[in-house]
Each structure stands twice: as C-alpha cells, then as structure tokens.
Amino acid sequence: MRRILVLHGPNLNLLGRREQSIYGTLSLDSLDSALTKLAEELAIVVDIRQSNSEGELVTWIQEARSGYDGVILNPAAYTHTSVAIRDAIVAVGLPTIEVHLSNIHQREPFRQHSYVAGVALGQISGLGPIGYLLALRGLHEHMSAMRKPRKTSPTSRRQKSATK
Ligand code: CA2
C-alpha cells in the first residue's frame with residue numbers, strides 16, 4: 001500500500017479557532033479526518049502530523065525517505081523562511097506537494113515567496129482545506145503514472161514496421 005506523510009507547520013493547530021476570515025472555520029482534526037477518509041477510498045495510508053518546530057519538520061521529512069512514497073506539506077510561516085525545509089525535501093527526493101489554505105500570492109509581499117515551491121512537484125494555494133484533498137488525489141495520480149510501463153502507441157508501432 002502507498003504511504004503518504006502529511007505535515008502541517010506552525011500554528012496550524014489553531015485552525016478553526018482564530019483568524020477564521022483567512023483560514024476558515026474547519027478544525028485541524030476535521031481536516032485530518034477528511035484526509036484520512038479520502039485516503040481510505042484511494043487505498044493509501046496517510047500519516048498526519050503537526051509541529052511548531054522547524055527542526056522537527058526537517059527530521060520528519062528526512063525520515064520519510066524510508067517507508068513513504070510522497071509528502072504533502074503546509075510549511076506555514078516556514079514557507080517563507082526555511083532553507084532547511086527546502087534542503088530536506090531535495091535530500092529525500094520524494095514527490096512533495098506544497099499546500100496553503102490561503103492564496104499566498106494575494107497576500108503580503110513577504111508571503112508571496114516560497115522556498116519550497118522550487119523543489120516541490122506542485123503548489124496548491126488558496127482553496128482552503130480542499131487543497132489538501134486535491135494534493136492527495138494529485139500525488140495518487142502522479143504515483144500511478146510513474147509506475148505504469150510506457151505503452152507503444154499504434155503510430156510508433158507503424159513507424160517501426162515501416163522502417164524494418
Ligand atoms: O495559507 C496557509 O496555509 C499558510 O501556510 C498559513 C500560515 C501562513 O504563515 C502562510 O503564509 C500561509 C499560517 C498558519 C497559521 O494558521 C493559523 C490558523 C488559525 C489561527 C491562527 C493561525
């Protein structure tokens with residue numbers, strides 16, 4: 001079974017309790033339940049963790065190298081500051097999708113740069129909790145596409161026999 005590590009960065013434990021106009025009313029527990037439910041439907045195992053510590057996030061990303069097939073990561077404020085998280089993603093080489101609840105590109109200039117985006121498979125920003133569910137579907141599709149053997153198209157078969 002495929003295994004995905006989902007990491008929530010600093011302050012996301014407060015989700016649904018403060019700043020609801022920006023981050024919505026859903027709690028982190030409810031978001032995690034929705035992710036777990038979708039993972040079951042897709043026959044994926046998700047391991048979901050939250051930390052306020054940059055070092056702990058880095059350690060978890062490093063550890064994902066053995067036993068996980070991909071990472072979904074909302075680095076929260078570390079998005080805009082952490083070369084260490086970026087380096088850890090590069091070091092493990094796992095497909096990683098960066099998720100943000102809010103659209104960071106519409107916010108203050110300091111939130112518009114991500115150290116993670118350049119090394120992520122993709123970034124989903126501004127769709128609220130649905131972004132995490134789309135990231136899970138996206139990683140699932142990506143992993144399936146990577147695993148499929150390349151098919152020979154009818155055209156290339158014709159071309160091959162014509163050159164025989
Ligand atoms: O939009 C996102 O998901 C962010 O990653 C959230 C971070 C912010 O620093 C990024 O620029 C964008 C903040 C997470 C804090 O979450 C809270 C949730 C509820 C109440 C207070 C903070």
Side-chain angles (χ1 to χ4, degrees), residues 2-42 44-65 67-143:
R2 286 173 184 152
R3 291 171 64 88
I4 303 290
L5 181 63
V6 180
L7 296 181
H8 305 291
N11 296 310
L12 285 164
N13 52 310
L14 301 176
L15 210 59
R17 285 187 261 161
R18 311 248 162 79
E19 300 203 61
Q20 294 183 340
S21 60
I22 303 174
Y23 301 118
T25 54
L26 201 72
S27 69
L28 194 62
D29 279 352
S30 302
L31 169 52
D32 292 347
S33 300
L35 263 173
T36 305
K37 185 167 171 278
L38 177 62
E40 281 167 11
E41 286 167 25
L42 299 174
I44 293 173
V45 174
V46 280
D47 179 1
I48 309 176
R49 306 178 198 174
Q50 187 274 331
S51 180
N52 293 330
S53 149
E54 182 178 15
E56 192 161 42
L57 292 165
V58 167
T59 300
W60 287 341
I61 294 167
Q62 287 180 9
E63 288 172 357
R65 192 174 189 159
Y68 293 90
D69 302 292
V71 179
I72 294 171
L73 170 65
N74 183 345
Y78 292 135
T79 307
H80 321 295
T81 62
S82 182
V83 177
I85 288 178
R86 177 192 172 104
D87 287 349
I89 293 167
V90 173
V92 300
L94 289 173
T96 298
I97 300 190
E98 176 186 354
V99 176
H100 297 285
L101 295 158
S102 62
N103 184 342
I104 59 171
H105 305 286
Q106 288 178 346
R107 299 187 63 190
E108 304 97 316
F110 70 86
R111 291 188 203 275
Q112 292 178 17
H113 176 259
S114 165
Y115 279 98
V116 170
V119 296
L121 178 63
Q123 183 195 66
I124 300 173
S125 181
L127 298 182
I130 289 168
Y132 284 88
L133 303 179
L134 292 175
L136 187 58
R137 285 191 187 278
L139 264 185
H140 181 248
E141 292 289 330
H142 174 78
M143 292 181 306

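No experiment lies behind these values; they were computed from the predicted model shown. Read the numbers this way: they start at 1 and go in the same order the structure lists the ligands and their atoms.
- Minimum heavy-atom separation, Glu56 to Ser51: OE1-OG, 2.7 Å.
- Between the side chain of Gln123 and the main chain of Ala117, no donor-acceptor pair closer than 3.5 Å is present.
- Atom CD of Gln50 sits about 11.5 Å away from atom CG of Leu31, to the nearest 0.5 Å.
- The nearest protein atom to atom 8 (C) of ligand 1, hydrogens excluded, is given as Arg111 NH1, 3.3 Å; this is a heavy-atom distance.
- A heavy-atom distance below 4.5 Å is not found between the side chains of Val71 and Ile97.
- The nearest protein atom to atom 16 (O) of ligand 1, hydrogens excluded, is given as Asn11 O, 3.6 Å; this is a heavy-atom distance.
- Using a 4.5 Å cut-off on side-chain heavy atoms (C-beta onward), Leu15 and Ser30 make no contact.
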May I have the step-by-step check of side-chain hydrogen bond (donor to acceptor under 3.5 Å, both in side chains) for Glu98 and Thr79, ending in yes or no? CA-CA 9 Å; Glu98 176 186 354; Thr79 307; 4.6 Å; no
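- Ion pairing of Arg137 with Glu141 is absent here, as no side-chain N (NZ or NE/NH1/NH2) approaches a carboxylate O to less than 4.0 Å.
- Near Leu14, meaning under 4.0 Å from any of its heavy atoms, are these atoms of ligand 1: 19 (C), 20 (C).
- On a distance-only criterion, Leu101 and ligand 1 share at least one N/O pair closer than 3.5 Å.
- By the 3.5 Å distance cut-off applied to N or O atoms, Tyr23 is not counted among the residues near ligand 1.
- Of all protein heavy atoms, the one lying nearest to atom 4 (C) of ligand 1 is His100 ND1, 3.7 Å.
- Residue Arg107 places no N or O, backbone or side chain, under 3.5 Å from any N or O of ligand 1.
- For ligand 1, the atoms sitting less than 4.0 Å from at least one non-hydrogen atom of Ala77 are 9 (O), numbered in the order shown with element in parentheses.
- When side chains are defined from C-beta on, His100 counts as touching Pro75, because their heavy atoms get closer than 4.5 Å.
- Of the protein's non-hydrogen atoms, the one nearest atom 1 (O) of ligand 1 is Ser102 OG, 2.5 Å.
- Checked against a 3.5 angstrom limit, the closest N/O atoms of Asn74 and ligand 1 fall inside it.
- Taking all heavy atoms of Arg18, Arg17, Glu19, His80 into account, the minimum distance to atom 19 (C) of ligand 1 is reached by Arg18.
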